[in-house]
Amino acid sequence: MNSGIQAKAIAAFSPKEPLGPYSFNRRDPKEHDVVIDIKYCGICHSDIHTVRSEWGQANYPVVPGHEISGIVRAVGSQVTKFEIGDHVGVGCFVDSCRECSSCKNQLEQYCLTGMNGTYNSFEKDGKTPTQGGYSDVIVVDENYILNIPDSLPLDKAAPLLCAGITLYSPLKHWNAGPGKKVAIMGLGGLGHMGVKIARALGAEVTVLSHTDQKKEDALKMGAHHFVSTKDQSVFQKYAGRFDLIINTISANINMGDYFGLLKLDGSLVVVGIPESPLQIHPFPLVMQRRSYAGSLIGSIKETQEMLNFCAQHNIVPEIEVINPDQINAAYERVIKSDVRYRFVIDLAKI
Ligand code: NAP
Ligand code: ZN
Ligand code: ZN
């Protein structure tokens, strides 16, 4: 007998082959589960790192996608937070242990036993592979689902579930706001959300980009300044300027250049995760008591706070909506830094 809910999807089958059609079954909803008709899913650079096994061998087939927006199709008998027809989102994880200090403190992304990733991970049973949002339906426990405010259209809401929260969380944690000079390294999916959110928080925002091609866009998004790092002299010109720098770059770069841009006691927070290690020399850190830190997405609570903040401040990503069969061409454009500024897949077309 066939159990489960049939899902149509796009999957990766090996690190090198193009992605292609795939179908599989989602679990039948349990008491606390919500069945979501996926409408849109953003393409995050993490999807590409994962399916190409740049972060270690992936567990194929992989259905990527953790910027999911959709509409509730059905709810389990004990669900209290959602109703059929609600606009909802799912981000980078679909469960966690719920018992460790991180989970108890509503910081599930830092679950001490490892949260259950939305794809290329395992469900709570520890053996069923999780599959992500490049598909038409998903079943998720109600405690790991976000409410999408009515004023956010579903296509534009999708990238907030990863790109939005990944910048919102460190900007809040490191107190970006009035009187603070914030720089965002890399104007891609994450970076452009960082510009919009940091601006709305009241910070003075600078974009550090590796070409001069995105200047006009950056200023339109709300950046006060745009700096192309192609010209090495900018590292002298802007030395000691920033309170906070967030590195969203997906590739390996010379980090040493950037620490000198921080003030005394400034922090450089890395969210970009390239394939190979980033080298640093301690000198620029020790010289001005600077900090080097990292940050991972955000909790369910903070993601909801971010969605409400974006709705309140009219913050949405710049998106290009594509059909599922355009996925491989979209990946190539992301790798060439040619995305303006997030691809979003229309799953109604699958
Ligand atoms: P993206 O859209 O591809 O943006 C990356 C940006 O990095 C590009 O737009 C480009 O900006 C810059 N860049 C790319 N190649 C470069 C190079 N060779 N030299 C210098 N700059 C380069 O990627 P994304 O989706 O925003 O993701 C960015 C990174 O964050 C990825 O590594 C991803 O896996 C990671 N990530 C981390 C978290 C977390 O929780 N920590 C969450 C999501 C994603 P310019 O053209 O402006 O220079
Ligand atoms: Zn992501
Ligand atoms: Zn936990």
Side-chain angles (χ1 to χ4, degrees), residues 41-52 54-55 64-68 91-93 95-119 124 132-133 158-170 184-195 207-215 217-218 221 223 226-230 246-255 257-258 269-276 278 293-299 303 317-320 330-343:
C41 184
I43 297 177
C44 177
H45 208 119
S46 302
D47 303 349
I48 303 177
H49 292 307
T50 303
V51 304
R52 299 196 171 182
E54 291 174 0
W55 289 345
H66 57 208
E67 293 186 338
I68 298 169
C92 299
F93 53 95
D95 219 318
S96 65
C97 87
R98 308 182 189 205
E99 280 162 12
C100 72
S101 54
S102 295
C103 286
K104 288 220 163 95
N105 289 317
Q106 297 190 288
L107 290 166
E108 307 87 1
Q109 77 274 34
Y110 302 116
C111 175
L112 297 178
T113 59
M115 37 72 168
N116 304 87
T118 302
Y119 62 81
K124 237 174 145 44
L160 299 176
L161 277 305
C162 175
I165 185 58
T166 300
L167 273 290
Y168 182 84
S169 185
I184 305 288
M185 294 166 60
L187 194 69
L190 267 57
H192 93 293
M193 288 316 305
V195 169
V207 170
L208 305 172
S209 191
H210 79 304
T211 68
D212 48 20
Q213 288 164 19
K214 299 177 179 173
K215 179 172 184 178
D217 290 348
M221 289 170 198
F226 178 93
V227 175
S228 165
T229 55
K230 213 164 63 172
I246 300 188
N247 174 14
T248 78
I249 296 175
S250 50
N252 205 313
I253 51 156
N254 182 3
M255 286 304 299
D257 292 338
Y258 291 88
V269 179
V270 61
V271 294
I273 315 173
E275 180 175 7
S276 45
L278 292 168
S295 183
L296 180 70
I297 44 176
S299 66
T303 304
E318 308 296 316
I319 61 167
E320 194 173 322
Y331 271 28
E332 291 311 318
R333 280 186 50 200
V334 172
I335 288 162
K336 282 193 239 148
S337 305
D338 182 31
V339 48
R340 299 287 191 281
Y341 280 85
R342 200 56 143 187
F343 286 112

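First listed ligand is number 1; within each ligand, the first listed atom is number 1. Model, not experiment: these values are computed from the prediction.
- Checking Glu320, Glu318, Glu67 one by one against Arg342, the salt bridge (Lys or Arg N to Asp or Glu O under 4.0 Å) holds for a single residue, Glu67.
- One option in Met185, His210, Glu54, Glu67 has a heavy atom closer to atom 48 (O) of ligand 1 than any other, and that option is His210.
- Per-residue contacts place Cys162 under 4.0 angstrom from the following atoms of ligand 1 (heavy atoms of the residue considered): 42 (C), 43 (C).
- Looking from atom 29 (C) of ligand 1 to the surrounding protein, the closest heavy atom is Thr248 O, 3.4 Å.
- Less than 4.0 angstrom separates some heavy atom of Leu190 from each of these atoms of ligand 1: 24 (P), 25 (O), 26 (O), 27 (O), 30 (O), 36 (N), 43 (C), 44 (C).
- Not close to ligand 1: Phe343, with no non-hydrogen atom less than 4.0 angstrom away.
- Counting protein heavy atoms only, atom 39 (C) of ligand 1 is closest to Thr166 CG2, 3.5 Å.
- Excluding waters, the protein N/O/S atoms found under 2.8 Å from the Zn ion (ligand 2) are Cys44 SG, His66 NE2, Cys162 SG.
- Checking Ile249, Thr50, Ile246 against atom 7 (O) of ligand 1, the nearest heavy atom belongs to Ile249.
- For the pair Leu112 and Ser101, the minimum side-chain heavy-atom distance is below 4.5 Å.
- Counting only heavy atoms of the protein, atom 8 (C) of ligand 1 lies nearest to Ser337 OG, 3.6 Å.
- The ligand atoms of ligand 1 that sit less than 4.0 angstrom from a heavy atom of Ser209 are 45 (P), 46 (O), 47 (O), 48 (O).
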Let me see the working for Arg98 and Lys124 under side-chain contact (heavy atoms from CB on, under 4.5 Å), right down to the final yes or no. CA-CA 11 Å; Arg98 308 182 189 205; Lys124 237 174 145 44; 4.1 Å; yes

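- The distance from the CG atom of Asp217 to the CZ atom of Phe226 is 9.0 Å, given to the nearest 0.5 Å.
- Close approach of ligand 1 to Ala251 is summarised as follows: ligand atoms under 4.0 Å from at least one heavy atom of the residue are 15 (N), 16 (C), 17 (C), 18 (N).
- Side-chain N or O atoms of Asn252 include one that pairs as donor or acceptor with a backbone N or O of Ser276 at under 3.5 Å.
- Across all non-hydrogen atoms, the minimal contact from Leu187 to Lys214 is O-NZ, 3.0 Å.
- Protein nitrogen, oxygen and sulfur atoms, that is N, O or S, within less than 2.8 Å of the Zn ion (ligand 3) amount to 4.
- The closest protein non-hydrogen atom to atom 4 (O) of ligand 1 is Gly188 CA, 3.4 Å.
- Annotation for ligand 1: atoms under 4.0 Å from non-hydrogen atoms of Val271 are 30 (O), 35 (C), 36 (N), 37 (C), 38 (C), 39 (C), 41 (N).
- Between the side chain of Glu54 and the backbone N or O of Glu275, no donor-acceptor pair lies under 3.5 Å.
- Ligand 1 has no N or O atom lying under 3.5 Å from any N or O atom of Ile43, backbone or side chain.
- At least one N/O-N/O distance between Ile297 and ligand 1 falls below 3.5 Å.
- When His192, Lys230, Gln213, His45 are checked for heavy-atom proximity to atom 3 (O) of ligand 1, His45 turns out nearest.
- Checking side-chain atoms of Thr118 against main-chain N and O of Phe93 turns up a donor-acceptor pair under 3.5 Å.
- Looking at Trp55, its side chain does come within 3.5 Å of a backbone N or O of Ile273 through a donor-acceptor pair.
- What sits closest to atom 5 (C) of ligand 1 on the protein, heavy atoms only, is Ser250 OG, 3.6 Å.
- Proximity of Val207 to ligand 1, defined as any heavy-atom pair under 4.0 Å, is not found for any part of the residue.
- Protein heavy atom nearest atom 31 (C) of ligand 1, with residue, atom name and distance: His49 NE2, 3.5 Å.
- Judged purely by distance below 3.5 Å, without hydrogens or angles, the side chains of Asn105 and Tyr110 never pair a donor atom with an acceptor atom.
- Inclusion of Ile253 in the set of residues having an N or O under 3.5 Å from an N or O of ligand 1 is not warranted.
- For ligand 1, the atoms lying closer than 4.0 Å to a non-hydrogen atom of Lys214 are 9 (O), 11 (O), 45 (P), 46 (O), 47 (O).
- A donor-acceptor pair under 3.5 Å is formed between the side chain of Lys104 and the backbone N or O of Glu99.
- Taking the side chain as every heavy atom from C-beta outward, Cys162 and Ile297 approach each other to under 4.5 Å.
- The protein non-hydrogen atom at the shortest distance from atom 2 (O) of ligand 1 is Gly189 N, 2.9 Å.
- Considering backbone and side-chain N/O of Gly186, none are found under 3.5 Å from N/O of ligand 1.
- When each atom of ligand 1 is checked for a heavy atom of Leu296 under 4.0 Å away, the hits are 40 (O).
- Counting only heavy atoms of the protein, atom 11 (O) of ligand 1 lies nearest to Leu187 N, 3.2 Å.
- The shortest separation from a heavy atom of Thr211 to ligand 1 is not under 4.0 Å, leaving the residue out of contact.
- Within the 4.0 Å heavy-atom criterion, neither part of Phe226 lies near ligand 1.
- Taking a cut-off of under 4.0 Å to the non-hydrogen atoms of Ser295, the atoms of ligand 1 that pass are 39 (C), 40 (O), 41 (N).
- Only the side chain of Arg342 comes within 4.0 Å of ligand 1, counting heavy atoms alone; its backbone N, CA, C and O stay farther away.
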